[in-house]
Amino acid sequence: MREYTVIDTLKDTLKRAEKIVFLTGAGISQESGIGTFRGNDGLWEKYDPMKLASAQAFRDDPRLVWRWYNDRRRKIMAVKPNPGHMAIASLQSHRQVWVLTQNIDGLHHGAGSREVIELHGNIFATKCTTCDFKGKIRDEFPDRPPSCKICGSNLRPDVVWFGEGIKREVWNQAIIHSMSCDAMIIVGASLAVSPANTLPLYAKNIKATLIEVNPENTPLSNEMDFSIRKTAVDALPKILSIFESLN
Ligand code: APR
Ligand code: ZN
């Protein structure tokens with residue numbers, strides 16, 4: 001008798017789900033070779049996050065912070081979306097899919113996901129520290145922050161730093177999708193950082209099914225309808241195959 005696994009019980013739920021929202025964190029990019037923040041392979045191991053990922057740190061030493069982001073951009077440009085990112089992108093041909101990601105690496109776009117909300121911004125975007133100029137940077141790694149073409153001030157990465165809030169219009173969109181989905185699949189997020197960690201509760205409030213894909217427990221594991229203790233690359237292609245088998 002075949003073991004009746006979590007994935008099987010998931011089948012009925014997913015069959016009925018029309019709109020699926022993914023909430024992803026650094027864990028989904030881990031198997032692409034990008035360290036997570038709080039894991040033991042963590043990015044933060046080598047750097048003190050409060051030293052580098054904050055507006056104060058950038059004011060104190062713009063070159064140091066800028067060079068750290070150069071280093072992170074180089075690392076991200078050297079990796080590719082993994083089968084976890086690809087499975088989420090392929091799901092778009094079976095269901096309405098939105099991706100709310102805490103990641104700034106752009107790998108969901110790289111995998112072909114079309115509806116992606118980058119809660120914490122994107123490492124390849126820049127913004128002026130003074131005026132509202134916004135830009136992009138990819139294959140260049142200047143040793144110091146570039147100057148704004150409009151006002152001459154330093155540009156900075158257009159990402160959400162510690163102590164900064166998620167942009168209002170981005171947050172409103174994230175809530176709208178969390179409150180109008182049939183299932184929310186949380187992948188590779190420690191749910192240690194607010195307000196992103198409140199999004200599953202918005203979904204739960206409207207009786208959406210909560211599914212967690214994470215090898216470890218999180219503070220919201222008890223709120224989940226299903227906890228799949230597997231990695232993104234193990235679990236997401238299997239979840240995709242459930243939808244493919246439904247057609
Ligand atoms: N597959 C799935 N999950 C994984 C994998 C994997 N291969 N590897 C690790 N994980 C899980 C870990 O168990 C952990 O719960 O991914 C999670 C990663 O957690 P964090 O490192 O805290 O990353 P994240 O949740 O994205 O952090 C949120 O905090 O530091 C800020 O702005 C930063 O966006 C980041 C936010
Ligand atoms: Zn400017």
Side-chain angles (χ1 to χ4, degrees), residues 5-32 36 81-103 105 107-109 111-120 173-193 195-247:
T5 64
V6 166
I7 296 266
D8 289 325
T9 37
L10 206 50
K11 214 165 191 161
D12 309 348
T13 314
L14 294 177
K15 202 163 23 187
R16 287 192 306 276
E18 271 314 307
K19 175 172 176 177
I20 299 179
V21 165
F22 285 88
L23 172 63
T24 68
I28 195 168
S29 297
Q30 189 265 342
E31 287 159 289
S32 290
T36 59
N82 62 51
H85 296 106
M86 305 307 281
I88 291 176
S90 308
L91 197 50
Q92 290 170 134
S93 35
H94 301 274
R95 290 292 188 280
Q96 213 197 111
V97 175
W98 282 82
V99 181
L100 312 179
T101 187
Q102 299 174 91
N103 301 339
D105 56 33
L107 290 179
H108 283 296
H109 283 111
S113 285
R114 291 185 298 274
E115 308 296 358
V116 181
I117 294 180
E118 294 176 309
L119 299 168
H120 294 165
Q173 279 296 310
I175 292 184
I176 287 168
H177 291 298
S178 302
M179 294 184 77
S180 59
C181 63
D182 302 302
M184 177 179 275
I185 305 180
I186 299 110
V187 187
S190 62
L191 298 177
V193 171
N197 60 2
T198 61
L199 293 172
L201 302 176
Y202 280 101
K204 189 161 185 91
N205 251 349
I206 50 118
K207 308 266 178 285
T209 302
L210 293 188
I211 300 157
E212 180 175 61
V213 174
N214 193 325
E216 289 169 22
N217 263 349
T218 67
L220 290 188
S221 290
N222 294 338
E223 303 291 335
M224 301 295 160
D225 298 290
F226 297 94
S227 285
I228 302 175
R229 289 284 164 259
K230 294 209 178 294
T231 71
V233 166
D234 276 351
L236 293 177
K238 288 194 182 73
I239 291 177
L240 172 64
S241 63
I242 291 177
F243 284 97
E244 287 164 339
S245 67
L246 296 175
N247 288 353

Can you confirm whether [X] sits close enough to [Y] that some side-chain heavy atom of one is under 4.5 Å from a side-chain heavy atom of the other?
X      : Y      : result
Asn103 : His120 : no
Ile28  : His108 : yes
Leu100 : Ser178 : yes
Leu14  : Ile239 : yes
Glu31  : Pro83  : no
Arg95  : Leu246 : yes

Which pair of heavy atoms, one from [X] and one from [Y], lies closest together, and at what distance?
X      : Y      : answer
Gln102 : Gly25  : NE2-CA, 3.9 Å
Ala192 : Asn197 : C-ND2, 4.0 Å
Asn82  : Ser32  : ND2-OG, 3.0 Å
Thr231 : Pro215 : CG2-CG, 4.1 Å
Met179 : Tyr202 : SD-CD2, 3.7 Å
Ala183 : Ala208 : N-CB, 4.2 Å

Which residues pass the side chain to side chain donor-acceptor pair (under 3.5 Å) test with [X], sequence neighbours left out?
X      : result
Glu115 : none
Asn214 : none
Ser180 : Lys19

**Request:** With side chain to side chain donor-acceptor pair (under 3.5 Å) as the test, would you mind laying out the steps for Thr24 and Thr101 before giving the verdict?
**Result:** CA-CA 5 Å; Thr24 68; Thr101 187; 2.7 Å; yes
**Request:** Go through Thr218 and Ser221 one step at a time and tell me if the side chain to side chain donor-acceptor pair (under 3.5 Å) criterion holds.
**Result:** CA-CA 5 Å; Thr218 67; Ser221 290; 3.3 Å; yes
**Request:** Check the pair Leu23, Ile185 against side chain to side chain contact (heavy atoms under 4.5 Å, CB included), reporting the backbone distance first and the verdict last.
**Result:** CA-CA 6 Å; Leu23 172 63; Ile185 305 180; over 6 Å; no
**Message:** Taking side-chain contact (heavy atoms from CB on, under 4.5 Å) as the definition, give me every residue that meets it alongside Pro81, ordered by chain and number, with sequence neighbours left out.
**Reply:** His85, Met86, Leu107, Ala111
**Prompt:** Who pairs with Gln92 by side-chain contact (heavy atoms from CB on, under 4.5 Å), at least two apart in sequence or on another chain?
**Reply:** Ala89, Val97, Ser113, Arg114
**Prompt:** Distance from Gln173 atom CD to Ile175 atom CD1, nearest 0.5 Å?
**Reply:** 10.5 Å
**Request:** With rounding to the nearest 0.5 Å, note down the distance linking NE2 in His177 to CD1 in Ile117.
**Result:** 4.5 Å
**Asked** Do Leu220 and Asn222 pass the side chain to side chain contact (heavy atoms under 4.5 Å, CB included) test, and can you show the C-alpha distance, the side-chain angles, and the key distance before you say yes or no?
**Response** CA-CA 5 Å; Leu220 290 188; Asn222 294 338; over 6 Å; no
**Asked** Under the side chain to side chain contact (heavy atoms under 4.5 Å, CB included) criterion, do Gln96 and Ile20 qualify, and how do the steps go?
**Response** CA-CA 6 Å; Gln96 213 197 111; Ile20 299 179; over 6 Å; no
**Request:** Test side chain to side chain contact (heavy atoms under 4.5 Å, CB included) on Leu236 and Phe22 and set out the steps.
**Result:** CA-CA 11 Å; Leu236 293 177; Phe22 285 88; 4.1 Å; yes
**Pairs flagged by salt bridge (Lys or Arg N to Asp or Glu O under 4.0 Å) wherever residues 202-222 is involved - sequence neighbours left out** = Glu212-Arg229
**Asked** Can you check side chain to side chain donor-acceptor pair (under 3.5 Å) on Asp225 and Thr209, steps first, answer last?
**Response** CA-CA 6 Å; Asp225 298 290; Thr209 302; 4.7 Å; no
